[in-house]
Trainee: 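Okay, here's the structure, questions in a sec.
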Amino acid sequence: MTYTREDITRIAKEQNVRFIRLQFTDLLGSIKNVEIPVSQLEKALDNKMMFDGSSIEGYVRIEESDMYLYPDLSTWVVFPWVTENRVARLICDIYMPDGTPFAGDPRGILKRALQEAEDLGYSTMNVGPEPEFFLFQTDDKGNPTMELNDQGGYFDLAPTDLGENCRRDIVLMLEEMGFEIEASHHEVAPGQHEIDFKYAPAIKAADQIQTFKLVVKTIARQHGLHATFMPKPLFGMNGSGMHCHQSLFRGNENAFFDPNDKLGLSNVARHYMAGILRHARGIAAITNPTVNSYKRLVPGYEAPCYVAWSASNRSPMIRIPASRGLSTRIEVRNPDPAANPYLALAVMLKAGLDGINNKMAIPAPVDRNIYVMSEEERQDAGIPSLPINLKEALAELLRDDVMCDALGDHALSHFYELKEIEWDMYRTQVHQWERDQYLTMY
């Protein structure tokens, strides 16, 4: 919805809102907030709320810490699960004291990519995300255990699907907050779930992903459960992805649709896909940003690990859903829900635009099951692999000038530094698998 500041102050008074969370997202994708009493609402709407950016991952040094929160009025919502001392939320952009946008703000990075698309005539990037998650039981102190809440499978229902009531309450809360929910169901792995909501323009879609994660975790906790968007929490089971359906529009016209094409795809769509495939290895560090992400991208668990596309086959990285006309779109399947959604959409858009600008030719579709192809067959077919670990993905990111430009120098350097630390901590840690494997053998 579109709200004016008068609407917001009126609703806050009518609904007895006592606190407002001014939310933003750090470089790693974590939601942060400054909570203010309602008496400070007018000051916040005047863009005068300041915070210390030096304490936020990937932001600024201590000697340049003052930053300002500029609320986006369209993101106003009152949290429906808080009934006393009610709390509302505004998502903010980050600005410097001189009034310029902060170069390392993930939301601002996505806005810059969208402006480039608009300059090329594409007024809207529509995105339909599919973030999956697991529900684990908690102990008597409320801490997460490794015990799943059910042993259900794909599309199972109660009593096998013991997460049904929790999932239903999540849906109800999301609807109260303005989401249009299209479906919810149990996923393939025990304890794994998916709730699909309607596509939206890219900024709103990324905002919704962050809101979705907050609601899922909050309602799960009310049910005595812990919700996690960790990409691969359990060995031998499917991991959680965040497939991103996307298309570009010129006004009301879907630039990806061509009724005269055999697959209904325009040249714009084909060039866009070619760009994403060309930059797939450089994108991976952003769309799959953790050490754990690469435990999901292995053969046999429905997650793509090869750079290819198909009109129907689900083993490649990009699939073309069957809908046509205004619904013509591509589905990029490698992102996972640990990704910062603003950065993930920004790099995918920049890769697609690079394909459009350079009229990149798309490779032939792969309609075979890539998982059963030998390495020699994949090489003969020209099918590269995604990076096998975070270290390799970071190296590919630095080699990709278009992806580096998408992030900008500030975000790139800080993201790379943080992820190098993460990789080094993982590399030097002694894991339980090593003790199980080697302690008695040697």
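Treat the numbers as computed from the prediction; the structure is a model and nothing was measured.
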Trainee: Evaluate the side-chain proximity of Leu45 to Leu90: yes if any heavy-atom separation is below 4.5 Å, no if none is.
Mentor: yes
Trainee: Quick check: does any side chain N or O of Glu396 sit under 3.5 Å from a backbone N or O of Ile283, one acting as donor and the other as acceptor?
Mentor: no
Trainee: With a 3.5 Å cut-off and no angle check, do the side chains of Asp336 and Ser293 form a donor-acceptor pair?
Mentor: yes
Trainee: Would you check, one step at a time, whether the test side chain to side chain contact (heavy atoms under 4.5 Å, CB included) holds for Leu110 with Ile203?
Mentor: CA-CA 7 Å; Leu110 176 54; Ile203 289 289; 3.6 Å; yes
Trainee: side-chain hydrogen bond (donor to acceptor under 3.5 Å, both in side chains) for Asn292 and Thr290? Distances and angles first, verdict last.
Mentor: CA-CA 5 Å; Asn292 181 255; Thr290 70; 4.9 Å; no
Trainee: Given 3.5 Å as the limit, does a donor-acceptor pair link the side chain of Asp7 with the main chain of Thr4, or not?
Mentor: yes
Trainee: I need the Glu180 CD to Glu175 CD distance, nearest 0.5 Å.
Mentor: 9.0 Å
Trainee: Atom OH in Tyr306, atom CG in Asn334: separation rounded to 0.5 Å?
Mentor: 14.0 Å
Trainee: Is it true that Glu331 and Arg319 make a salt bridge, defined as a side-chain N closer than 4.0 Å to a carboxylate O?
Mentor: yes
Trainee: Can you measure from CG (Asn357) to CG (Leu120) and round to the nearest 0.5 angstrom?
Mentor: 5.0 Å
Trainee: Hey, what's the ring geometry for Phe212 with Phe133, parallel, tilted or perpendicular (30° and 60° as the breaks)?
Mentor: perpendicular
Trainee: Give me the one residue out of Tyr70, Tyr68, Phe24 that meets ring-ring contact (aromatic ring centres under 6.0 Å, His included) with Phe51.
Mentor: Phe24
Trainee: May I ask you to test the Arg270-Leu263 pair for a side-chain heavy-atom distance under 4.5 Å?
Mentor: yes
Trainee: Can a side-chain donor-acceptor contact be found between Tyr272 and Gln246 if the only test is distance below 3.5 angstrom?
Mentor: yes
Trainee: Is there a side-chain contact between Arg278 and Asn358, using heavy atoms and a 4.5 Å cut-off?
Mentor: no
Trainee: Indicate yes or no: at least one non-hydrogen side-chain atom of Leu69 is less than 4.5 angstrom from one of Asn47.
Mentor: no
Trainee: Do Arg168 and Asn165 pair up side chain to side chain, a donor and an acceptor below 3.5 Å, judged on atom types alone?
Mentor: yes
Trainee: Whether the side chain of Arg5 engages the backbone of Leu73 through a donor-acceptor N/O pair (distance < 3.5 Å, no angle test) should be reported.
Mentor: no
Trainee: Could you tell me whether Arg10 and Glu6 have a side-chain N and a carboxylate O separated by less than 4.0 Å?
Mentor: no
Trainee: Classify the ring geometry between Tyr426 and Trp423 as parallel (under 30°), tilted (30 to 60°) or perpendicular (over 60°).
Mentor: tilted
Trainee: Considering the options Lys213, Arg89, Arg107, which one meets the salt bridge (charged side-chain N to carboxylate O under 4.0 Å, His left out) requirement together with Asp207?
Mentor: Arg107
Trainee: Is a side-chain donor or acceptor of Thr328 paired with a backbone partner of Gly325 at a separation under 3.5 angstrom?
Mentor: yes
Trainee: For Asp72 and Ser74, test the side chains for any donor-to-acceptor distance below 3.5 angstrom and give the result as yes or no.
Mentor: yes
Trainee: Enter the distance from Leu394:CG to Lys419:NZ here, rounded to the nearest 0.5 Å.
Mentor: 8.0 Å
Trainee: Backbone N or O of Ala274 within a donor-acceptor pair of the Trp309 side chain at under 3.5 Å?
Mentor: no
Trainee: Any sub-3.5 Å donor-acceptor pair from Thr228's side-chain atoms to Phe134's backbone N or O?
Mentor: no
Trainee: Say whether His243 and Glu132, considering side chains only, have a donor N or O and an acceptor N or O under 3.5 Å apart.
Mentor: no
Trainee: First locate atom CD of Glu14, then atom OG1 of Thr9, and finally report the distance between them rounded to the nearest 0.5 Å.
Mentor: 9.5 Å
Trainee: Just by modelled atom types, is the His193 backbone N or O under 3.5 Å from a matching donor or acceptor in the His186 side chain?
Mentor: no
Trainee: Side-chain contact, heavy-atom cut-off 4.5 Å: Trp76 with Val78?
Mentor: yes
Trainee: Is the side chain of Arg86 donor-acceptor paired with the backbone N or O of Val82 at a distance under 3.5 Å, no angle test?
Mentor: yes
Trainee: Could you give the distance from CG (Asp380) to CD (Glu376), rounded to the nearest 0.5 Å?
Mentor: 5.5 Å
Trainee: Would the number of heavy atoms belonging to other residues, nucleotides or ligands and lying under 6.0 Å from NZ of Lys111 be above 12?
Mentor: yes
Trainee: Asn126 and Thr124: side-chain donor and acceptor closer than 3.5 Å?
Mentor: no
Trainee: Regarding Asn267 and Asp258, do their side chains bring together a donor and an acceptor under 3.5 Å, going by distance alone?
Mentor: no
Trainee: With a 4.5 Å cut-off on side-chain heavy atoms, are Asn340 and Phe415 touching?
Mentor: no
Trainee: Which heavy atom of Ile276 sits nearest a heavy atom of Ile318, and at what distance?
Mentor: CG2-CD1, 3.8 Å
Trainee: Could you check whether any side-chain N or O of Tyr294 sits under 3.5 Å from a backbone N or O of Asn288, counting only pairs where one atom can act as donor and the other as acceptor?
Mentor: yes
Trainee: Would you say the side chain of Pro316 lies within less than 4.5 Å of the side chain of Ile370, judging by non-hydrogen atoms?
Mentor: yes
Trainee: Could you walk me through whether Ile109 and Arg112 pass the side chain to side chain contact (heavy atoms under 4.5 Å, CB included) test, one step at a time?
Mentor: CA-CA 5 Å; Ile109 290 170; Arg112 291 202 302 270; 3.4 Å; yes
Trainee: Can you tell me if Gln208 uses its side chain to pair, donor with acceptor, with the backbone of Phe179 under 3.5 Å?
Mentor: no
Trainee: Just to verify, which of Thr75, Val215, Thr25 counts as forming a side-chain contact (heavy atoms from CB on, under 4.5 Å) with Gln210?
Mentor: Thr25
Trainee: With a 4.5 Å limit on heavy-atom distance, are the side chains of Ser240 and Pro231 in contact?
Mentor: no
